[in-house]
Amino acid sequence: MSESSPEKETGVKRNFIHQIIEEELKEGKNDGRVHTRFPPEPNGYLHIGHAKSICLNFGTAQKYNGLTNLRFDDTNPSKEETEYVDSIKEDVRWLGFSWDDREYYASDYFDKLFDFAVKLIREGKAYVDDQNAEMVSSQRGTPTRPGAESPFRDRSVEENLNLFMRMRAGEFNEGDRILRAKIDMASPNMHMRDPILYRIMKTPHHRTGDKWCIYPMYDFAHGQCDYWEGITHSICTLEFEVHRPLYDWFIDQLRDSDYRPRQIEFARLNLSYTVMSKRKLLELVRDGYVKGWDDPRMPTISGLRRRGYTPVSIRNFSEKIGVTKVDGMIDVALLEHSVREDLNKTAQRVMGVLDPLKVVITNFPQGLVEQMEAINNPEDLSTGTRPVPFTREIYIEREDFMEEPPRKFFRLSPGTEVRLRYAYFVTCTDVIKDKDGRVTELHCTYDPASKGGNSPDGRKVKATLHWVSASENVTAEVRLYDRLFNDEDPANHKDTDFKEFLNPDSLKVLRGCYVEPSVKRAKPFDSFQFERLGYFNLDPDSLPDKPVFNRTAALRDTWTKFKDK
RNA sequence: UGACCCGUGGUGUAAUUGGCAACACGUCUGAUUUUGGUUCAGAAGAGUCCAAGUUCGAGCCUUGGCGGGUCAACCA
């Protein structure tokens, strides 16, 4: 062989699938081609688990200069909709992958699949079974007991052909007849016990309309589509492992050259605090527990997008978690770390106050609006600065003041001096309360010499506060999102009771917020400083309809810790 | 009384194909800091499910256990 390795440096971490591929490449299999596919069923929105599969399929092909197809596995018209195929395409694109013109549908192959079924019948490898679902199911046996053969198993080829044509013609009702492969009812592998190839479904298909009233099953479609598309590596999740012998059986009936696609299984992603089952996500959407598939609390790609996640962060995450056959549980902390890592470098900082407490700077001139200069991103000074208006009356976060500070509380309290970021040093002189004893206003004095946030005499302050001018600001509604689930591990709750673990605090609308959106474009972001609470992708161009506030776990933990002391 | 798959710190991944286990996240210290963030320095934490075997030497090989997962939809 030549010294030029077909492997490309893409920064993709080597995993067991790469190892398999490299061994095959050495043996010269499939003419050295690597061709993968991402095959979602369009019956829901893509979630973070799919992202792993997408990154794996596209990443693997890129690594070996191969191609990846996008293929919709649409063999069950009762569950699939065009809305879903559109959202899937958008999400894959957003993640940064391209399938060029290789967009396929299992339904594209319905004719070929039908012909293949006829071929199997002719060869005596498939038959029409007149039994109903219950009969078929009871004859299948159990994992430990062999099944029994159907009384219709040995029909003549002519009779099978005739019945199959009539199935297609719509002469029978749903459930009356099925087409089965004739393999082995005693096989220790349940999937080899005369699997069903076609069932009658008088449901219009989102692409083929009412052209068909019989539809192929997953097992009868997937491998064949792989074969016809020239897929070399059909990467799927662990639960399909037991399907592999059947996958191979169909390929054996089909192939006429050395080429053969190979199914390789990997462990699907499980995330702590997260429910990933499409059925459950659909339930959350349908029953109104969330506002939609793209609700920021959802683990869907579109939900994460609205929450402020970047494509890079999700790709990095997929890379970090690796690819194995070990069925594990990844800590969301790793996902959250991945966003922070990216956003820390790229997100523009803005200031904001969510729960405002008025502060009057008593020695600051009435009516004066002073423009302070704020850095857009301390991690990337090339992003420049922006002016932020400072006035005699400002708001600070209520949490940033404590009348009787506990040990280690460094922020504002009576008599202490703190820095207002990019503005001045201020000292609290008076605390104004209402008749119930609630603090309504603070009076402070500022040190005019500390403009910009540094005192010429070199004295230090222990805290830097975030603020907003009480008059020069923009207001909007802010929603604060927490994790959707607060149970230790809701993913483990297999049954419908998973909703019991919904986090009641997962969505709070905070009143009296001072944020910006389309309301006043004139002064965007000047007065928002969210970064103390986390990082936000809130630059004017990428702002969601509703500002989304991504509270990070790290900060929450810090707070919990602090409060305990 | 089945078939297939899996078993390395709290979590995830690695270990040049046999040379006494590394990295990331998380946790905990400390320093720096106009974000209690970031950055930097450091610490704790597994002897690789168990047992026997082969070997000078095993997380990697063999055998036997144990534990976990998947499979009995006319879903994918």
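Source: prediction; values computed, not measured. Atom set for the values below is all heavy atoms of this structure, side chains included, hydrogens, waters and symmetry mates excluded.
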Is there a Watson-Crick or G-U wobble partner for [N] with both distances under 3.5 Å, and which nucleotide is it?
N       : result
rU1(B)  : none
rA72(B) : none
rA15(B) : none
rA41(B) : rU29(B)
rG67(B) : rC6(B)
rC61(B) : rG53(B)

Spacing between [X] atom [atom1] and [N] atom [atom2], to the nearest angstrom:
X         : N       : atom1 : atom2 : answer
Leu335(A) : rG12(B) : CG    : P     : 15 Å
Gln19(A)  : rU13(B) : CD    : P     : 15 Å
Arg268(A) : rG69(B) : CZ    : P     : 16 Å
Asn270(A) : rU13(B) : CG    : C1'   : 16 Å
Asp327(A) : rG12(B) : CG    : C1'   : 13 Å
Ile396(A) : rG36(B) : CD1   : P     : 14 Å
Lys325(A) : rC6(B)  : NZ    : C1'   : 9 Å
Met402(A) : rG36(B) : CE    : P     : 16 Å

> OP1, OP2 of rU13(B) versus side-chain N and O of Thr324(A): anything below 4.0 Å?
Replying inline: yes

>> Under 4.0 Å from OP1 or OP2 of rU35(B): is there any side-chain N or O of His466(A) that close?
In response: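 No, no such contact exists.
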
> Can rU29(B) be described as syn, meaning its chi torsion is within 90° of 0, or is it anti?
Replying inline: anti

> Going by a 90° cut-off around 0, is rG47(B) syn or anti?
Replying inline: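 For rG47(B), whose glycosidic angle is within 90° of 0, the conformation is syn.
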
> Can you name the nearest heavy-atom pair linking Cys428(A) to Cys444(A), along with the distance?
Replying inline: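 For Cys428(A) versus Cys444(A), the nearest heavy atoms are CA-SG, 3.7 Å.
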
> What is the minimum heavy-atom distance between Asp194(A) and Asp184(A), and which atoms define it?
Replying inline: OD1-N, 3.4 Å

>> By nearest atom, which of the nucleotides rU35(B), rC25(B), rG26(B) is closest to the Leu334(A) side chain?
In response: rC25(B)

In whole Å, measure the gap between the [atom1] atoms of [N] and [M] for me.
N       : M       : atom1 : value
rU70(B) : rG65(B) : P     : 23 Å
rG47(B) : rU11(B) : P     : 12 Å
rG64(B) : rG2(B)  : P     : 14 Å
rU62(B) : rU55(B) : C1'   : 12 Å
rG9(B)  : rC49(B) : P     : 7 Å
rG45(B) : rG26(B) : C1'   : 11 Å
rA46(B) : rU27(B) : C1'   : 16 Å
rG12(B) : rU17(B) : P     : 27 Å

> Relative to the 5' end of RNA chain B, which residue comes earlier, Leu420(A) or Ile330(A), by the nucleotide with the nearest heavy atom?
Replying inline: Ile330(A)

>> Let me spell it out: for each of Asn15(A) and Lys462(A), pick the nucleotide of RNA chain B with the closest heavy atom. Which residue's pick is nearer the 5' end?
In response: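 Its nearest nucleotide lies further toward 5', so the answer is Asn15(A).
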
> What residues, two or more places apart in sequence or in another chain, satisfy salt bridge (Lys or Arg N to Asp or Glu O under 4.0 Å) together with Lys325(A)?
Replying inline: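 Scan of Lys325(A) (salt bridge (Lys or Arg N to Asp or Glu O under 4.0 Å), adjacent residues dropped) gives Glu241(A), Glu265(A).
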
> For Phe172(A), is the NZ or CZ atom of Arg166(A) found under 6.0 angstrom from the centre of its six-membered ring and inside 45 degrees of the ring axis?
Replying inline: no

Side chains of [X] and [Y] only: does a donor on one sit below 3.5 Å from an acceptor on the other?
X         : Y         : result
Asn43(A)  : Glu80(A)  : no
Ser338(A) : Asn316(A) : no
Thr385(A) : Glu373(A) : yes

> Checking all strands, does Ser338(A) fall into the base, sugar-phosphate, or nothing category for heavy-atom contacts under 4.0 angstrom?
Replying inline: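 No contact.
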
> Which letter, B, S or -, goes with each nucleotide of nucleotides 71-76 of chain B from 5' to 3', with contact meaning a protein heavy atom under 4.0 Å?
Replying inline: SBSBBB

> Would the Phe390(A) and Tyr424(A) ring centres measure less than 6.0 Å apart?
Replying inline: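 Centroid separation for Phe390(A) and Tyr424(A): below 6.0 Å.
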
> Would a line drawn from the ring center of Phe250(A) to the ring center of Phe220(A) be shorter than 6.0 Å?
Replying inline: yes

>> Ring-plane angle category for His205(A) and Tyr215(A), please: parallel below 30°, perpendicular beyond 60°, tilted otherwise.
In response: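 Rings of His205(A) and Tyr215(A): parallel, under 30°.
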
> If you take atom types as modelled and just measure distance, does the side chain of Arg411(A) reach the base of rG36(B) with a donor-acceptor pair under 3.5 Å?
Replying inline: yes

